[in-house]
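Report on one structure; see the data block that follows.
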Amino acid sequence: STNNLWGEPLDKNFNRVLRENLALLLNTQNIKAFPWPRNSGIDYQVKVNVQRFEKTSAGQSEMIVRWTIEDGRSGKDIYASETRATTPFGAGDPEGSSALSDNLATLSEAIATEIELLRRNRAS
């Protein structure tokens, strides 16, 4: 259940949930956590810089994340963005775990959308 989702350390969990979300959204199991072995044929590397991911005193979950997509072969940045999301806690969610999950879903969708576009352009 989502209530136990954020019981483990947030940063570890953040990465794991982000990977799981992207695997679903991009319909691939081939998502690796950095560092990976050389020559693992990575197409895109996503770097995520979490500026803020926390519960505020106003009873909201606030997330600010800067992220870049690099070409896995050349290592060049091919896309950079910032995703912000603020979600109020629901009545049945005093810990704010589902609000945190919603924010992470917003981020996952933004990244997945961009990777899909890059994939399509690469294929054409």
Side-chain angles (χ1 to χ4, degrees):
S1 79
T2 12
N3 291 351
N4 304 326
L5 199 60
W6 303 105
E8 58 192 279
L10 209 53
D11 52 349
K12 226 192 205 152
N13 206 25
F14 184 98
N15 290 335
R16 183 177 60 76
V17 175
L18 180 59
R19 281 201 310 276
E20 286 169 7
N21 288 355
L22 289 174
L24 279 171
L25 290 164
L26 294 167
N27 194 21
T28 177
Q29 287 311 304
N30 205 9
I31 292 183
K32 297 177 167 59
F34 188 82
W36 41 72
R38 260 182 232 195
N39 307 325
S40 43
I42 297 288
D43 291 320
Y44 304 107
Q45 178 172 356
V46 180
K47 285 188 175 165
V48 176
N49 183 339
V50 180
Q51 310 285 307
R52 226 184 144 159
F53 187 62
E54 62 196 15
K55 305 166 195 167
T56 67
S57 53
Q60 294 190 315
S61 156
E62 189 176 13
M63 178 191 75
I64 303 171
V65 177
R66 293 193 185 126
W67 51 276
T68 53
I69 301 174
E70 291 178 2
D71 185 291
R73 290 157 210 174
S74 69
K76 287 198 178 89
D77 283 3
I78 43 184
Y79 189 82
S81 187
E82 183 178 271
T83 300
R84 292 170 175 256
T86 308
T87 308
F89 292 6
D93 184 30
E95 286 301 301
S97 50
S98 74
L100 289 166
S101 299
D102 284 353
N103 289 356
L104 195 41
T106 302
L107 174 67
S108 307
E109 281 158 22
I111 293 172
T113 301
E114 211 43 56
I115 289 175
E116 277 298 341
L117 285 172
L118 290 165
R119 271 181 176 173
R120 217 168 296 152
N121 293 341
R122 185 176 268 186
S124 58

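Values below: all heavy atoms of this structure, side chains included; hydrogens, waters and symmetry mates excluded.
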If you round to the nearest 0.5 Å, how far is [atom2] of [Y] from [atom1] of [X]?
| X | Y | atom1 | atom2 | value |
| --- | --- | --- | --- | --- |
| I64 | N49 | CD1 | CG | 11.0 Å |
| R122 | L117 | CZ | CG | 13.5 Å |
| R19 | K32 | CZ | NZ | 11.5 Å |
| R119 | E114 | CZ | CD | 13.0 Å |
| T87 | D102 | OG1 | CG | 5.0 Å |
| R73 | I42 | CZ | CD1 | 10.5 Å |

Flag if over 12 foreign heavy atoms under 6.0 Å of CG, N27: no
Give the minimum heavy-atom separation between [X] and [Y], together with the two atoms involved.
| X | Y | result |
| --- | --- | --- |
| N21 | L104 | ND2-O, 4.0 Å |
| L18 | S108 | CD1-OG, 3.4 Å |
| Q60 | F89 | C-CE1, 3.4 Å |
| I111 | L22 | CG2-CD2, 3.9 Å |
| A23 | Q29 | CB-NE2, 4.4 Å |
| L100 | K55 | CD1-CE, 4.1 Å |

Mutual orientation of the aromatic rings belonging to W67 and Y79 [parallel < 30°, tilted 30-60°, perpendicular > 60°]: tilted
4.5 Å side-chain heavy-atom contact, L26 and Y44: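 No, every pair of side-chain atoms sits at 4.5 Å or beyond.
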Flag side-chain contact, heavy atom, 4.5 Å: Q45 against D71: no
Check against side-chain contact (heavy atoms from CB on, under 4.5 Å), I115 and V46: CA-CA 9 Å; I115 289 175; V46 180; 3.8 Å; yes
Co-membership, hydrophobic cluster, residues V48 and L24, 4.5 Å side-chain: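 Different clusters.
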No-hydrogen, no-angle side-chain donor-acceptor test under 3.5 Å, S61 and N103: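 There is such a pair between these side chains.
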Chi angles and distances behind the side-chain contact (heavy atoms from CB on, under 4.5 Å) call for L107, F14: CA-CA 11 Å; L107 174 67; F14 184 98; 3.7 Å; yes
